[in-house]
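Data block below; observations after.
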2 protein chains.
Amino acid sequence: MKPINLIIADDHELFRNGLNELLKKYDDVHVVALVEDGNELFKELEKHKDIAIVLLDITMPNMDGFQVLNKLKNSDNNIKPIVISMHDEGNYIASCAKNGAYSYLLKNTDQDELIKTIRIVNGGKKYFQPQIAEKMINYMSEQSVSENILSNKEKEVLDLISKGLTTKEIAKRLFVSSRTIETHRANIIKKLEVKNTAELIKKATEINLI
Amino acid sequence: MKPINLIIADDHELFRNGLNELLKKYDDVHVVALVEDGNELFKELEKHKDIAIVLLDITMPNMDGFQVLNKLKNSDNNIKPIVISMHDEGNYIASCAKNGAYSYLLKNTDQDELIKTIRIVNGGKKYFQPQIAEKMINYMSEQSVSENILSNKEKEVLDLISKGLTTKEIAKRLFVSSRTIETHRANIIKKLEVKNTAELIKKATEINLI
DNA sequence: CTAAAAATCAGTATAAATACGGATGCTATT
DNA sequence: AATAGCATCCGTATTTATACTGATTTTTAG
């Protein structure tokens, strides 16, 4: 039976080394390398082709955890990242889940949970603790408090804009003049405090409007 | 001690009535009404001002579950919706979570889980079973397979576009001519098969590019 | 090494969006 | 009855974005 090869990426040396010591107790886990940022991580991944898991901190210099997740997701390998972070905010958790993290642990997790998570993830399964999943869900649902700031017409117009229709096309569809649609768009842009349509669509999706 | 007042909204009569019978066993739960779509639900909510929970099906005629969630979220009340659905696809679950569902149960859930969920939700806490949360997380992370279709420069430009910068501003920031940025944007639009910047930003967020 | 992308720049023309103005009728709330 | 917000409309001018065609250099991949 071969051990689980993993790399620890964290910019705090004490934490990194502590984790390493801690994992020495487990025969089925082999810490291949300790690195302090994303760049070093990818150098190590070049050298070692049999890495199963990366324990990943979010806040690191040069290349941070989010960037690492993204790069891992877009290269074909079967390295499974486990995020270990001190932030328990929902937006961090949701971003990590979105970017392919196999788990999200807080730094105050006990070692039983850690080794349990490593083993589950090594089996190819994602594992998010209930309280972590809960924070993420709360964050997602709180994203939109703002639906009321737009009128129904404005929401309708916004939806059509986001579908790629031009002002003229929207006007025709809603049986009003182009001027009206332009005014609507201008008002929406003002209400959401953005500069132009591009930023508008981005913000609108962020706050769950479309 | 006052009972938990709830309404069941589901377009299948047998299921609705079955659920009702089932909940009669529990003294702390009081089924106030049974309705078969969202419109009826809101009529009942007008009549009864002390409803704590709505058991909500997704697929219903006239006004479906998503619309109900949305309307509930945007009106101020403390009705806590629990979605009971036969769909276990991640996108359904994620949408419900996003729109303020307090829980998401499958129709094959056993009654112990149901009553447990009702009691937890009545206490104001959201509760998503681990296997449900897992499906949602998987869905979220699978959203993007496509990052590779854009070059790094294109991603960089796309990011700046989404932040509301104009072509000229982006050109200045990246030390190239406006033409270059225009070409980049045109290429990005072509690659993602969209009509204009608005639709581009929408699609880019959908597939997790920004 | 060679072919294919990627990144850079250009001309010309049209379409669309944004920034300023300003106006009216309607509805809901106070 | 009055105020405020909404939806509707209009003019003018400027800025941006899009469409089409075309090109060079560098980088990447086979």
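In what follows, chains are A, B, ... by sequence order, proteins preceding strands, each numbered from 1.
Taking the side chain to side chain contact (heavy atoms under 4.5 Å, CB included) definition, one finds that A:Asn17 meets it with A:Glu13, A:Leu34, sequence neighbours left out.
When every heavy atom of B:Cys96 is checked against every heavy atom of B:Val83, the shortest pair comes out as SG-CG2, 3.9 Å.
In this structure, of D:dT8, C:dC9, D:dC9, it is C:dC9 that holds the atom nearest to the side chain of B:Val176.
In this structure, CZ of A:Phe175 is placed 18 Å from P of D:dA7, rounded to the nearest angstrom. Taking atom NZ on A:Lys155 and atom P on D:dC6, their separation rounds to 12 Å, with Å as the unit. Atom-to-atom, NZ of B:Lys153 to C1' of D:dT26 comes out at 12 Å; the value is rounded to the nearest Å. Rounded to whole angstrom, the span from the CG atom of A:Leu174 across to the C1' atom of D:dC9 amounts to 15 Å. Atoms NE2 (A:His184) and P (D:dG5) sit 17 Å apart, rounded to a whole Å. Separating the CG atom of B:Leu158 from the C1' atom of C:dA6 is a distance of 16 Å, rounded to the nearest angstrom. Rounding to whole angstrom units, CD of residue B:Glu199 and P of D:dA17 are separated by 17 Å. Distance A:Ile181 CD1 to D:dC9 C1': 11 Å, rounded to the nearest Å.
Salt bridge B:Glu206/B:Lys203: absent, no basic N to carboxylate O contact under 4.0 Å. Residues A:Glu199 and A:Lys202 are not paired through a salt bridge, judged by the lack of any N-O separation under 4.0 Å between the basic side chain and the carboxylate. Ion pairing between a basic and an acidic side chain is recognised when a charged N comes within 4.0 Å of a carboxylate O; B:Glu154 and B:Arg185 show no such pairing. Using a 4.0 Å cut-off between a side-chain N of Lys or Arg and a carboxylate O of Asp or Glu, A:Lys172 and A:Glu169 do not qualify as a salt bridge. Between B:Lys107 and B:Asp57 a salt bridge is recorded (basic side-chain N to carboxylate O distance below 4.0 Å).
Position along DNA chain D of the nearest nucleotide to A:Lys191 versus A:Ser177 favours A:Lys191 as the more 5'-ward residue.
Counting only heavy atoms from C-beta outward, the side chains of A:Leu45 and A:Asn77 never approach each other to under 4.5 Å.
Taking the C1' atoms of five terminal pairs at each end of the helix from C:dC1-D:dG30 to C:dT30-D:dA1, the two resulting helix axes are inclined by 70°, rounded to 10°.
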Might you list the N or O atoms of the protein lying below 3.5 Å from N or O atoms in nucleotides 27-30 of chain D, with each pair's distance?
none

Exercise for the section: Heavy atoms under 4.0 Å is the rule here; annotate nucleotides 11-30 of chain C 5' to 3' with B where the base is hit, S where only the sugar-phosphate is, and - elsewhere. Expected result: BB---SSB------------
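Between D:dC9 and A:Thr180, a contact under 4.0 Å exists linking OP1 or OP2 to a side-chain N or O.
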Practice task
Let me see the working for A:Val31 and A:Ile7 under side-chain contact (heavy atoms from CB on, under 4.5 Å), right down to the final yes or no.
Solution key: CA-CA 6 Å; A:Val31 177; A:Ile7 296 180; over 6 Å; no
Identify each donor-acceptor pair in which a side-chain atom of residues 114-126 of chain A lies under 3.5 Å from a protein atom, sequence neighbours left out, and give them as a table.
from     : atom 1 : to       : atom 2 : distance (Å)
A:Lys116 : NZ     : A:Tyr127 : OH     : 3.3
A:Thr117 : OG1    : A:Glu113 : O      : 2.7
A:Arg119 : NE     : A:Asp28  : OD2    : 2.7
A:Arg119 : NH2    : A:Asp28  : OD1    : 3.2
A:Arg119 : NH2    : A:Asp28  : OD2    : 3.4
A:Lys125 : NZ     : B:Glu134 : OE1    : 3.2
A:Lys125 : NZ     : B:Glu134 : OE2    : 3.1
A:Lys126 : NZ     : B:Ser141 : OG     : 2.5

Under 3.5 Å donor-acceptor pairs involving side-chain atoms of residues 156-163 of chain B, not counting sequence neighbours:
from     : atom 1 : to       : atom 2 : distance (Å)
B:Asp159 : OD2    : B:Lys163 : NZ     : 2.8
B:Ser162 : OG     : B:Asp159 : O      : 2.7

